[in-house]
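A short worksheet on the structure shown next.
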Amino acid sequence: MAEECVFCKIINKELPAAIVYEDDDILAFKDIKPIAPVHILIIPKKHIPDMTAVTENDVDLIGKIHLAAIKIAEELGISEKGFRLVNNCKQHGGQVVYHLHYHLLGGEALSIFA
Ligand code: 5GP
Ligand code: ZN
């Protein structure tokens with residue numbers, strides 16, 4: 001838990017979110033400003049500021065996020081036609097919230113590197 005981190009507050013239910021998946025390690029919820037018909041944020045409950053802060057200790061956790069993405073995509077009906085899983089890393093990657101998260105995007109044909 002990092003003070004002032006908006007995603008930690010969502011994890012701790014101090015802020016509301018439309019949660020679509022939760023387990024001991026991972027939370028997934030609808031993005032507040034969707035850019036596709038399906039736009040889900042998948043986050044570890046552990047506060048990792050950005051992708052460069054991932055270590056060997058987090059390998060299982062990152063794998064679980066990948067498996068959760070597959071499961072959520074199936075549940076939301078975007079698995080068959082496909083989807084995109086995106087991490088924006090730091091300033092040049094367009095990261096705004098510094099709690100590691102992956103955007104699960106789908107529901108339409110996405111433009112290449114929008
Ligand atoms: P980034 O640019 O850091 O990869 O993406 C951050 C994402 O978090 C943005 O798509 C933004 O719309 C979303 N976001 C920011 N604050 C909130 C919030 O309080 N609730 C939800 N559900 N999404 C948020
Ligand atoms: Zn956090």
Side-chain angles (χ1 to χ4, degrees):
M1 166 76 189
E3 301 289 327
E4 306 309 321
C5 171
V6 68
F7 288 176
C8 282
K9 286 180 179 166
I10 288 174
I11 291 162
N12 290 330
K13 310 291 194 298
E14 291 167 26
L15 278 179
I19 292 169
V20 298
Y21 177 85
E22 180 166 18
D23 64 28
D24 287 347
D25 304 307
I26 294 162
L27 188 69
F29 49 93
K30 294 183 182 177
D31 195 292
I32 206 166
K33 278 191 188 168
I35 60 162
V38 175
H39 187 171
I40 304 297
L41 299 173
I42 307 175
I43 69 174
K45 289 188 173 176
K46 177 183 177 185
H47 180 86
I48 299 172
D50 64 72
M51 191 170 154
T52 68
V54 170
T55 72
E56 290 273 349
N57 293 332
D58 303 314
V59 167
D60 278 0
L61 181 59
I62 300 303
K64 285 177 185 173
I65 288 173
H66 198 121
L67 292 176
I70 295 169
K71 191 172 177 179
I72 295 162
E74 278 170 4
E75 281 170 4
L76 298 184
I78 60 170
S79 184
E80 195 182 331
K81 290 203 168 172
F83 53 85
R84 185 174 293 164
L85 191 65
V86 177
N87 171 255
N88 297 326
C89 184
K90 297 185 182 175
Q91 188 183 359
H92 281 189
Q95 186 174 4
V96 174
V97 178
Y98 277 74
H99 180 127
L100 181 68
H101 56 278
Y102 296 83
H103 298 256
L104 175 64
L105 300 162
E108 66 183 9
L110 301 166
S111 58
I112 302 298
F113 299 118

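Atoms within a ligand are numbered from 1 in the order they appear, just like the ligands themselves. Predicted model only: the values in this text are computed from it and were never measured. Basis for what follows: all heavy atoms, side chains included, without hydrogens, waters or symmetry-related copies.
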Closest protein heavy atom (residue, atom, distance) for atom 15 (C) of ligand 1: Val97 CG2, 4.0 Å
Is it true that Lys81 and Glu108 make a salt bridge, defined as a side-chain N closer than 4.0 Å to a carboxylate O? no
Charged N-O contact under 4.0 Å between Glu22 and Lys13: yes
Where does Ile35 meet ligand 1, judged by heavy-atom distances below 4.0 Å: at the side chain, the backbone, both, or neither? neither
Have a look at the Zn ion (ligand 2) and estimate, to 10 degrees, the angle subtended by ND1 (His47) and ND1 (His99). 100°
The atoms of ligand 1 lying under 4.0 Å from a heavy atom of Val96, numbered in the order shown, are 1 (P), 2 (O), 3 (O)
Please could you name the atoms of ligand 1 that Leu41 approaches to less than 4.0 Å, counting only its heavy atoms? 8 (O), 13 (C), 23 (N)
For residues Ile78 and Gly107, report the shortest heavy-atom separation together with the two atoms involved. CG2-N, 3.7 Å
Ligand-side contact atoms (ligand 1) for residue partner His103, heavy atom cut-off under 4.0 Å: 1 (P), 4 (O), 5 (O), 7 (C), 10 (O)
Nearest to atom 23 (N) of ligand 1 by heavy atom, Ile32, Val86, Leu100, Asn87: which? Ile32
Lys33 neighbourhood, listing ligand 1 atoms whose heavy-atom distance to it stays under 4.0 Å: 12 (O)
So for ligand 1, is His101 a polar contact partner (N or O within less than 3.5 Å, distance only)? yes
Can you classify the ring geometry of His99 versus His47 as parallel (below 30°), tilted (30 to 60°) or perpendicular (above 60°)? perpendicular
Check whether any N or O atom of Ile10, backbone or side chain, sits under 3.5 Å from an N or O atom of ligand 1, and answer yes or no. no
Please determine if Phe29 has a nitrogen or oxygen closer than 3.5 Å to a nitrogen or oxygen of ligand 1. no
Need the ligand 1 atom indices (1-based, order shown) with element for anything under 4.0 Å from a heavy-atom of Val6. 19 (O)
Take atom CD of Glu80 as the centre, draw a 6.0 Å sphere, and report whether it contains more than 12 heavy atoms from other residues, nucleotides or ligands. no
Ligand 1 versus Phe7, non-hydrogen atoms closer than 4.0 Å: side chain, backbone, both, neither? side chain
Give yes if a backbone or side-chain nitrogen or oxygen of Gly94 is under 3.5 Å from a nitrogen or oxygen of ligand 1, and no if not. yes
Using atom types as modelled and distance alone, determine if a side-chain donor or acceptor of Asp23 lies under 3.5 Å from a backbone N or O of Asp25. yes
Atom 22 (N) of ligand 1: nearest protein contact (heavy atom, Å): Lys30 O, 2.9 Å
Would you mind reporting whether Ile48 and Leu61 have side-chain heavy atoms less than 4.5 Å apart? yes
Between Glu14 and Lys9, is there a donor-acceptor pair closer than 3.5 Å when you use the side chain of the first and the backbone of the second? no
State which residue, out of Tyr98, Phe29, Tyr102, fulfils the ring pair (Phe, Tyr, Trp, His ring centres under 6.0 Å) condition with Phe7. Phe29
Within the supplied structure, the quantity of interest is the number of heavy atoms (other residues, nucleotides, ligands) at a distance under 6.0 Å from Lys30 NZ; does it exceed 12? no
If you round to 10 degrees, what value do you get for the angle at the Zn ion (ligand 2) between Cys8 atom SG and Cys5 atom SG? 120°
With a heavy-atom distance limit of 4.0 Å, tell me whether Asn88 approaches ligand 1 through its side chain, its backbone, both, or neither. side chain
Could you check whether any side-chain heavy atom of Leu67 comes within less than 4.5 Å of a side-chain heavy atom of Lys71, counting everything from C-beta outward? no
So for ligand 1, is Asp31 a polar contact partner (N or O within less than 3.5 Å, distance only)? yes
